[in-house]
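These notes are about the structure you will find just below.
Computed from a prediction, not measured in an experiment: that's the story for all the values here.
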Amino acid sequence: MCGIFTAVNSSHESVNLAPILSVINSRGPDDIGCLNWELDKVEYFPHATSLSGELVQGHVRLAVIDLTDGGKQPMVSPCGRYSICYNGEVYNYIEIRNDLVAEGIDFNSASDTEVIMQAIIAWGEKAISRFRGMFSLVFYDSVKRELLVSRDHFGIKPLYYARAGNSFFLASEVSQLLLCRGVSKSHDPQMIYEYLISGAGDHTNSTMYREIRQFPAGHYARFSIDDLSGFVAQPYWELDIRNRSADLFSEAVVKVRQLFLESINLHMRSDVKVGAALSGGIDSSAIVCAMRHLYPQQEINTFSFIAENETISEEKWVDIVNEHVRAKSHKIRASEKELLMDLNDLIDTQGEPFGSTSIYAQYRVFKEAKRAGVTVMLDGQGADEMLAGYIFYQGSHVAGLLRKGKIVTALKFFRACVKNTSSTFRYLFQITLSELLPDNLVQKIKPLFLANKRVSWLSEAWISDESLNSDMVFERIADYQNPLKAHLKSTLTELGLPNLLRYEDRDSMRWSIESRVPFLYVELVEYLYSLPDEYLLSNQGVSKHVFREAMRGIVPDAILDRKDKIGFATPERDWLLNIDSWVDSKFVQAEDLPFFNVPELKKEWRKIVSGSVPFDFRCWRWLNLISWASKKHD
């Protein structure tokens with residue numbers, strides 16, 4: 001796990017790598033390396049310096065696999081023709097290495113980096129689809145003068161890029177690109193608007209900065225450093241929701257169990273200590289219990305955020321799992337005062353505004369893991385987007401049943417969801433209707449269910465001056481015959497999980513922790529998406545149906561039979577109401593920003609404080625954006 005940087009430097013201007021690598025030092029505190037390419041000649045530097053070659057690469061390393069110098073980066077091939085600058089872990093590197101050895105290729109280290117480099121040399125971009133893990137990489141062929149850029153299937157590891165004149169930059173974090181000569185620091189007003197209204201972020205390749213983009217997940221680009229117009233991302237993998245498995249439910253249970261344990265086993269590969277984030281929910285509990293199932297004698301460290309508010313505390317569930325696996329438990333508690341103390345660092349860590357204070361809970365969990373000497377953590381991100389874990393998927397399933405003519409089954413499922421889950425009749429009816437009606441009609445009836453997006457606390461002058469699309473529609477992947485799978489895929493690839501993966505990457509790397517997400521295993525994802533909908537959502541409204549049954553005997557039944565869902569929740573309302581004076585200070589800062597109608601913002605807050613309007617996450621979005629934007633304007 002590392003941080004990377006590459007500059008295509010056609011103008012041969014000096015690129016000062018010291019600040020560019022320093023700003024991501026926590027991503028790789030164990031080592032540093034730089035390359036300066038000029039034609040087919042390369043020079044390596046074991047420290048950050050100013051370089052002016054036509055291609056400049058920098059790397060900071062967190063040593064996890066092969067802790068020796070054999071894993072140093074950027075890595076140059078023995079022949080001197082190729083280099084790789086890579087961030088992440090490819091867990092099946094041993095199997096790939098064995099295939100390469102069978103083809104007569106020799107290795108000089110035990111690192112996965114060398115395996116990835118040799119695989120690309122041998123197989124070209126076709127190698128990428130064979131990698132199982134999380135990665136962003138930049139591979140250079142000095143003879144062809146070509147770069148190969150790629151990002152993992154799900155976008156677990158970040159990769160950003162920007163152009164400035166004749167220069168082109170690739171980096172692990174936005175903060176690096178903001179230090180590059182010629183890259184504008186101006187904000188993207190449309191992205192800011194969409195964040196304020198809906199909390200959306202990472203739902204496109206755009207960022208909060210006009211000139212900085214994300215490289216898309218599951219894509220690669222091969223292009224000449226002499227012709228940047230050739231930089232075009234192409235998919236190497238896409239999830240096909242129309243694949244169908246004929247397996248019986250009992251067979252699917254066995255297959256899901258086998259694939260999940262296979263993934264956990266691969267994700268346990270490490271030369272440093274491995275622990276797990278444990279919320280007490282089904283997903284994180286399954287990971288921890290699978291670790292014990294596979295490794296009966298291994299020490300297991302779990303890290304859990306415990307909310308002081310009893311209504312959202314999961315401590316009793318955490319205790320059940322820890323006792324079941326005999327784990328060494330680390331419990332983290334936090335207050336609003338601690339949040340204020342850490343807020344500036346948290347904003348710097350994330351780089352862009354984030355959705356709620358649950359990100360702070362995650363930040364504190366990784367901080368405690370660092371203190372405990374655990375370098376690798378397993379986490380449950382992605383399970384809900386594969387197993388229909390959120391209640392809004394229920395409406396998609398009802399729509400699918402109705403379209404198939406299964407009216408009685410649909411009505412029974414609808415009633416079961418209202419009775420057995422947190423769904424209300426109105427909410428479930430709304431989601432179902434939005435799935436059944438044509439898009440143009442859905443937009444016309446939305447005002448019957450949703451608040452007007454033209455809120456009073458946003459500046460109308462700003463919206464007008466920036467020509468913002470205030471009626472933006474986040475179009476989900478549509479499939480008339482497969483509404484549930486289409487909804488799942490949308491949240492997996494566009495509207496949901498990309499946000500969560502960004503939060504997780506930044507929070508973990510702030511503390512030099514490699515966070516791994518074993519649910520995002522290609523074979524497991526593809527198989528789950530091929531199963532009948534009722535394997536994911538039972539006729540009784542139970543989510544994650546096939547997975548719950550697959551984990552019987554591994555995870556305690558008390559956990560598997562849970563019907564509620566909390567996660568790393570924080571008492572956000574209590575925190576903010578208890579720091580009312582700090583909130584007022586943020587409104588003073590907002591006077592210098594163009595986004596807000598501050599008098600209306602204050603009125604809205606007073607309504608929330610008095611209880612005349614309900615509290616929701618928009619409050620945090622105001623305060624987070626004000627803190628972030630004010631900081632960037634300093």
Side-chain angles (χ1 to χ4, degrees), residues 187 189 191-203 208 305 307-309 311-312 334-350 352-364 450-460 462-463 470 474 496 499-500 502-503 507 566-632:
H187 299 142
M191 289 292 288
I192 288 174
Y193 176 81
E194 293 177 12
Y195 166 77
L196 284 170
I197 291 295
S198 66
D202 300 280
H203 54 294
M208 290 289 181
F305 180 83
E308 297 295 349
N309 187 328
T311 61
I312 58 173
S335 67
E336 62 270 23
K337 291 182 180 179
E338 291 171 296
L339 171 64
L340 288 185
M341 289 174 56
D342 290 333
L343 186 58
N344 283 338
D345 186 63
L346 184 60
I347 289 171
D348 285 345
T349 293
Q350 285 297 324
E352 297 182 78
F354 47 95
S356 76
T357 55
S358 66
I359 310 309
Y360 180 58
Q362 187 183 65
Y363 169 99
R364 290 293 300 273
L450 301 177
N452 192 332
K453 290 185 172 128
R454 300 303 288 265
V455 291
S456 62
W457 46 266
L458 272 177
S459 167
E460 288 291 335
W462 174 66
I463 293 173
S470 58
F474 301 126
N499 244 169
L500 300 177
R502 192 247 295 180
Y503 302 154
D507 277 345
I566 299 175
F568 276 175
T570 60
E572 184 163 304
R573 179 184 182 277
D574 296 342
W575 280 1
L576 292 182
L577 292 180
N578 288 339
I579 52 176
D580 194 22
S581 60
W582 175 81
V583 173
D584 286 339
S585 74
K586 292 289 109 177
F587 293 153
V588 173
Q589 285 183 308
E591 298 279 3
D592 296 326
L593 301 174
F595 323 128
F596 297 107
N597 179 336
V598 178
E600 290 296 323
L601 198 64
K602 291 178 180 178
K603 286 181 185 178
E604 186 75 7
W605 174 248
R606 287 299 143 205
K607 291 178 184 177
I608 291 167
V609 171
S610 68
S612 61
V613 298
F615 179 89
D616 68 26
F617 288 133
R618 71 186 184 280
C619 305
W620 174 253
R621 294 201 292 269
W622 302 337
L623 300 170
N624 191 190
L625 184 79
I626 292 167
S627 299
W628 171 80
S630 299
K631 191 175 184 65
K632 298 305 176 185

* Asked: Looking at residues at least two apart in the chain, or sitting in another chain, which of them share a side chain to side chain contact (heavy atoms under 4.5 Å, CB included) with Lys602?
  -> Phe587, Glu591, Val598
* Stepwise side-chain contact (heavy atoms from CB on, under 4.5 Å) test for Ile626 and Leu601 -> CA-CA 12 Å; Ile626 292 167; Leu601 198 64; 4.3 Å; yes
* To do: Rounded to the nearest 0.5 Å, what's the gap from CD1 on Ile197 to CD1 on Ile192? Could you check?
  => 12.5 Å
* Are the side chain of Ser612 and the backbone of Lys607 linked by a donor-acceptor contact shorter than 3.5 Å? -> yes
* To do: Could you pull out all residues at least two apart from Ser459 that satisfy side chain to side chain contact (heavy atoms under 4.5 Å, CB included)?
  => Ala461, Trp462
* In chain order, what residues pass the salt bridge (charged side-chain N to carboxylate O under 4.0 Å, His left out) check against Glu336, with sequence neighbours excluded? -> none
* Asked: Which pair of non-hydrogen atoms, one from Trp575 and one from Leu339, has the smallest distance, and what is that distance?
  -> CE3-CD2, 3.8 Å
* Compare every heavy atom of Leu458 with every heavy atom of Ile463, then report the nearest pair and how far apart it is. => CD1-CB, 4.3 Å
* Residues which pass side chain to side chain donor-acceptor pair (under 3.5 Å) with Trp605, listed by chain and number, not counting sequence neighbours -> Asp580
* Name all residues meeting the ring pair (Phe, Tyr, Trp, His ring centres under 6.0 Å) criterion together with Phe354; count only those two or more places apart in sequence or in a different chain, and write none if there are none. => Trp620
* Please name the pair of heavy atoms, one in Ile347 and one in Ser627, separated by the smallest distance, quoted to 0.1 Å. => CD1-CB, 3.2 Å
* Asked: Can you tell if the side chain of Ile608 reaches within under 4.5 Å of the side chain of Arg618, non-hydrogen atoms only?
  -> yes
* Asked: Among all residues two or more places apart in sequence or in another chain, which pass the side chain to side chain contact (heavy atoms under 4.5 Å, CB included) test with Glu600?
  -> Ser456, Trp457, Asn597, Lys603
* **Main-chain N/O of Gly201 paired to Glu194 side chain as donor or acceptor, under 3.5 Å** => no
* To the nearest 0.5 Å, how far apart are CG in Asp584 and CD in Gln589? -> 12.0 Å
* Could you go through the side-chain contact (heavy atoms from CB on, under 4.5 Å) check for Trp628 and Met208 one step at a time? => CA-CA 11 Å; Trp628 171 80; Met208 290 289 181; 3.7 Å; yes
* Structure fact -> Between Phe595 and Ala629 the two heavy atoms that sit nearest each other are CE1-CB, 3.8 Å
* Contacts of type side chain to side chain donor-acceptor pair (under 3.5 Å), residue Asp202, not counting sequence neighbours -> Gln214, Asn499, Arg502
* Between Phe596 and Leu196, does a side-chain contact (heavy atoms from CB on, under 4.5 Å) hold up when you go through it step by step? -> CA-CA 10 Å; Phe596 297 107; Leu196 284 170; 4.0 Å; yes
* From Leu576 CG over to Trp622 CH2, what is the distance, rounded to the nearest 0.5 angstrom? -> 10.0 Å
* To do: For Asp342, enumerate each residue passing the side chain to side chain donor-acceptor pair (under 3.5 Å) test, keeping only those at least two apart in sequence or located in another chain.
  => Tyr360
* Structure fact -> Arg621 and Gly355 have their tightest heavy-atom pair at CG-O, 4.3 Å
* **Set of residues satisfying side chain to side chain contact (heavy atoms under 4.5 Å, CB included) with respect to Lys337, sequence neighbours excluded** => Ser335
* Asked: Who pairs with Glu352 by side chain to side chain donor-acceptor pair (under 3.5 Å), at least two apart in sequence or on another chain?
  -> none
